[in-house]
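A quick write-up on the structure given underneath.
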Protein chains: 2
Amino acid sequence: MARSMLNRRERRLASAGSVRQMPFGGVTNRYPPIAIMSTDEIEAIHRASLRLLSETGIEILHDESRTLLKAAGADIDMSNLRVRFDPAMVEEKIRTVPSSFTLQARNPARNLTVGDGSLIFAATGGPAFVHDTDRGRRAGNYADMCDYIRVVQQLNVIHQEGGCPCEPTDLPPDSRHLDFYLAAIRLTDKNWQCWALGGYRVEDAIEMLCITLGQTREELRANPAALTVVNSNSPLRLDIPMGEGLCAMARAGQPVALTPFTLSGAMSPVTIAGALTQQNAEALALMTLSQVVAPGAPVLYGGFTSNVDMRTGSPAFGTPEYAKAQIASGQLARRYNVPFRSSNVTASNLVDVQAAYESGMSLWSTIMGGVSLIEHAAGWLEGGLTASFEKLILDAEMLQMMRSFLDPILVDEDSLAVDAISEVGPGGHFFGTGHTLARFENAFYEPMLSDWRNFENWSESGGRSGTDRANAIWKDLLRTYEQPPLDAGVDEALEAYVARRKEEIHAGKF
Amino acid sequence: MARSMLNRRERRLASAGSVRQMPFGGVTNRYPPIAIMSTDEIEAIHRASLRLLSETGIEILHDESRTLLKAAGADIDMSNLRVRFDPAMVEEKIRTVPSSFTLQARNPARNLTVGDGSLIFAATGGPAFVHDTDRGRRAGNYADMCDYIRVVQQLNVIHQEGGCPCEPTDLPPDSRHLDFYLAAIRLTDKNWQCWALGGYRVEDAIEMLCITLGQTREELRANPAALTVVNSNSPLRLDIPMGEGLCAMARAGQPVALTPFTLSGAMSPVTIAGALTQQNAEALALMTLSQVVAPGAPVLYGGFTSNVDMRTGSPAFGTPEYAKAQIASGQLARRYNVPFRSSNVTASNLVDVQAAYESGMSLWSTIMGGVSLIEHAAGWLEGGLTASFEKLILDAEMLQMMRSFLDPILVDEDSLAVDAISEVGPGGHFFGTGHTLARFENAFYEPMLSDWRNFENWSESGGRSGTDRANAIWKDLLRTYEQPPLDAGVDEALEAYVARRKEEIHAGKF
């Protein structure tokens, strides 16, 4: 009986094709977020960051941002472009930040909720290099970028493309965002992140999303579809391209993950409390700016506080300090009732045990810390310099495990199974019981990457490591990839838009 | 200034010798344990397990255990050796279990607190095989067992030897526990776990601990020094050797981790709630027995509920189900006010990404679930069949990271660093500031295994993976190992005891 059960199971799985994985779906975190700081300590950071904003202020290089903040009551010192914020002004302005919002995808079944206990896993975005174990590390390029997006589309546990897996360095810098946007729209029907570096790149994203969705800019404002990350240049500076990007996104009603990059010991104090104070000051300044541009503009509170190796100055990720800072950042985000953005990070240079445990530290601390959006949730390697194909699979497995972990344990008369245990009795086994047969199909998490075979079976089948198996999985996903259908008229209109904009940009019209 | 700071740092670390690691020390978990079940759900499991104990009962093959339980009021069916427990009797008997206790080590600086928010990391115990990347997988043997204990002694983050790293299969089965005990006493000054399989093995441990510590059995009862694991033979059975071991330990006042081995889908129901009900019933039966033998005998509530792969029947470890079951087990242990024992587990056959993420799932869920003692905290591979030298190092790094994670973030005027941030100002860096210089030495977690160098430096130095680096680390620790001094008279007395007992055992006198 047990044997026939297993065979039926095996047949079902074999017929489903190559890679087993979870279906696409929303993830809800039912655990109360864990806290590392007392309410008093969170208030101390809040007050210290307000003091920093009023006494020291932020250097804002972007003219329009300064002008708008001045009109809203901020104090501007034009001798050093320093903007100082009155605490009361900050407190008042950030009140209009929404606590949650939705994000459209071109496939409505893949629309996303940001905030409200929902958890979003975004693929890695921004690396300069790309890596797989067959071809090694190479500069980001258009072909790899497209293949990476295809695998992201295939991986059901990933909710969102993360803003270009690797920079297509083989394309002209000023217009390559258009190639990425078009590829993202064509190759995945999931939501994708746009680029914030310069207002024109935001405008192009919004125009292309309007064409894709057949919506006006007003409709898009009501139901956002673009999301991007704006970093402050820590310490205490907002540069021109990021200022432009922030203003353009806020004006268009599109959400921005406001993320200071506060590496403790380098760009921020060597104490975690100090790094968090600076992170919070910068985040509050950007949040205030976003609401000055457009009250009610959706934003996320971004936490990226990590530390450097004091011996070498190298940034470290997925460290204990990182984990603690993420939990504290979640507390700060909830203090302001704003969705929290964090990341899945590692400093490892290859897909090895270090990559796995640093990412594990990141995922557990951010998820148990109440994160809403995990950027770089899958694929990030080498401190974010490299997008790895094998890491994408490793992370997808860890994300699936966390998603399954977040499902509650069902407790009712049937699941308590007192009668089934009595029926089996001392020394028996449960393989063939009715209680097992009625439930075994979906009883447990089924891994995509983990190999649970015993040593002998595993050895006979080649004795491959997890990283080698990940290599086979992404290639299988790429081989079986099918492009999600896109209306031919929309495709044509997008192509025409991109062609026109490339001409304009190459003629100097941004 | 930053440069000279880094050089000073490097000199200090270089002079400390080979492997950098944390000092030996107690670990306190200040986080409130996370809960996966409501109080009502925990009570439902409690009631269901009491119903199971009263209606179905446990098969107890050990005569003395049955006799003692009968005298205490349990119902015995001699036709099938079934022992049924009245719920009121269970509730009354388990009231005498202590909520915490201490464990002596031969070096008093390494004494341990079990319970009370203290966290103990024990090395792996019990594997049949041993593995390292140079020599591959081989049957457990005395030489490897000794080397493993030496590395365990060297790793400061490990609090306790875990009950023999690998079975010395090259020694006679009936007396090899004596060889292990003597090696454990000589090679490490940490507490070590003894064997429960048969009463005489417990008695030998207690006698040898009395010799080692220069204490009587009465003194040892007041201040226990032996700890072991007793497993029920799930479902619902206690066998003779384990019954003997439990009785001998309880009589001597030495603590036992009472651990049902409830693999959901095989030896327990396919539902996690059902597996937990069975685990709880078996744990309550063993707990009751321990208190019937000796009221106040120290025990731990052991949780080992995991699941099998329903396609192959292979046990799976470090799964989402395992993580959830551990958190629920912690809740059950706290329901009874008993210290909680869990484990760091993986089904991986080699030290790869799977080993790292399954162990990461185990460590986070057990620690955040409020565990007191993590068995197999370092070294376990291949579902517990193999002790791996490289996994020992990988786990030690993860344990160090968790220990550092559990340190709170210091929040005070100095650490908030408002003045330091103002001093550096927009666009500056913190490397050379007074605030940094005064604190950088111990600001951050320093890894033993992680490599944070950038890709170029890492490649130039050989581009080794974490597993390869772990290989170099344990060999370095073994090379620099020094045996902790033991009084010559004690050593002689122990050797004499072992010689005498071997003669007796080989003559059939156990």
Side-chain angles (χ1 to χ4, degrees), chain A residues 9 41 44 48 51-52 56 59 235-237 269-274 277-278 307 309-311 314 316 319-321 323-324 347 349 352-354 356-357 360 364 382 394 398 401 404-405 409 411 415-418 420-422 424 426-427 436 439-440 443-445 450 452 455 458 465-467, chain B residues 9 41 44 48 51-52 56 59 235-237 269-274 277-278 307 309-311 314 316 319-321 323-324 347 349 352-354 356-357 360 364 382 394 398 401 404-405 409 411 415-418 420-422 424 426-427 436 439-440 443-445 450 452 455 458 465-467:
Chain A
R9 176 72 160 174
E41 288 170 335
R51 200 187 123 202
L52 205 54
T56 305
E59 181 181 291
L236 306 179
R237 177 186 282 164
V270 77
T271 53
I272 297 300
T277 296
Q278 187 189 314
N307 60 291
D309 180 350
M310 292 309 292
R311 292 180 302 123
S314 295
T319 60
E321 288 75 20
K324 290 191 269 191
N349 290 302
D352 67 347
V353 294
Q354 180 184 338
Y357 64 69
W364 271 90
E382 207 194 303
L394 164 61
M398 288 199 281
M401 289 172 76
S404 175
F405 169 71
I409 299 177
V411 181
S415 65
L416 288 169
V418 174
I421 301 170
S422 296
V424 169
T436 301
R439 289 167 183 80
F440 77 95
F444 304 132
Y445 171 67
S450 297
W452 293 339
F455 186 84
W458 168 81
S465 73
T467 304
Chain B
R9 175 74 161 175
E41 288 170 335
R51 201 186 122 203
L52 205 54
T56 304
E59 181 181 291
L236 305 178
R237 178 185 281 162
V270 76
T271 52
I272 295 300
T277 296
Q278 187 189 313
N307 59 291
D309 181 349
M310 292 308 294
R311 292 179 303 124
S314 295
T319 61
E321 287 76 21
K324 289 191 271 191
N349 291 301
D352 67 347
V353 293
Q354 180 184 336
Y357 64 71
W364 270 91
E382 208 194 301
L394 164 61
M398 288 199 282
M401 288 172 76
S404 175
F405 169 71
I409 300 176
V411 182
S415 65
L416 289 169
V418 173
I421 302 170
S422 296
V424 168
T436 301
R439 288 166 183 81
F440 77 96
F444 305 131
Y445 171 68
S450 298
W452 293 339
F455 186 84
W458 168 80
S465 73
T467 304

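Just so it is clear, the model here is predicted, and its values are computed rather than measured.
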What residue, out of A:E59, A:R237, A:M401, has the most heavy-atom pairs lying under 4.5 Å from chain B?
-> A:M401

Please report the shortest heavy-atom distance between B:A44 and A:V411, naming the atom on each side.
-> CB-CG1, 4.3 Å

Atom group of A:E382 that falls short of 4.5 Å from chain B, counting heavy atoms | side chain

Using side chain to side chain donor-acceptor pair (under 3.5 Å) as the criterion, list what pairs up with B:N307, not counting sequence neighbours.
-> B:T319

Taking it one step at a time, do A:F444 and B:V270 satisfy side-chain contact (heavy atoms from CB on, under 4.5 Å)?
-> CA-CA 8 Å; A:F444 304 132; B:V270 76; 3.8 Å; yes

Measuring from B:I409:CD1 to A:I272:CD1, what's the distance to the nearest 0.5 Å?
-> 6.5 Å

Please report the shortest heavy-atom distance between B:V418 and A:A48, naming the atom on each side.
-> CG2-CB, 3.6 Å

For B:T277, which residues count as a side chain to side chain donor-acceptor pair (under 3.5 Å) partner, sequence neighbours excluded?
-> none

Whatever's closer than 4.5 Å to a heavy atom in chain B on A:A420 counts as neither

Gap separating the CD atom of A:Q354 from the OG1 atom of B:T467, nearest 0.5 angstrom | 10.5 Å

Might you point out which heavy atoms bring B:F405 and A:A323 nearest each other, and give the distance in Å?
-> CD1-CB, 3.7 Å

Decide whether A:T56 and B:S422 meet the rule of one side-chain donor and one side-chain acceptor closer than 3.5 Å.
-> yes

Closest heavy-atom contact between A:A443 and B:E321?
-> O-OE2, 4.1 Å

From OH (B:Y357) to CE (A:M398), nearest 0.5 Å | 8.0 Å

Within a strict 4.5 Å, meaning less than it, do heavy atoms of the A:V353 and B:S465 side chains meet?
-> no

For A:L394, is it the side chain, the backbone, both, or neither that has a heavy atom closer than 4.5 Å to a heavy atom of chain B?
-> side chain

Correct closest heavy-atom pair for B:K324 and A:S404 would be NZ-O, 3.1 Å

Hey, which of B:N349, B:T271, B:L236 has the most heavy atom pairs under 4.5 Å with chain A?
-> B:N349

Residue A:V424 versus chain B: region with a heavy atom under 4.5 Å = side chain

Residue pair B:A347 / A:W452: nearest heavy atoms and the distance that separates them | CB-CD1, 3.9 Å

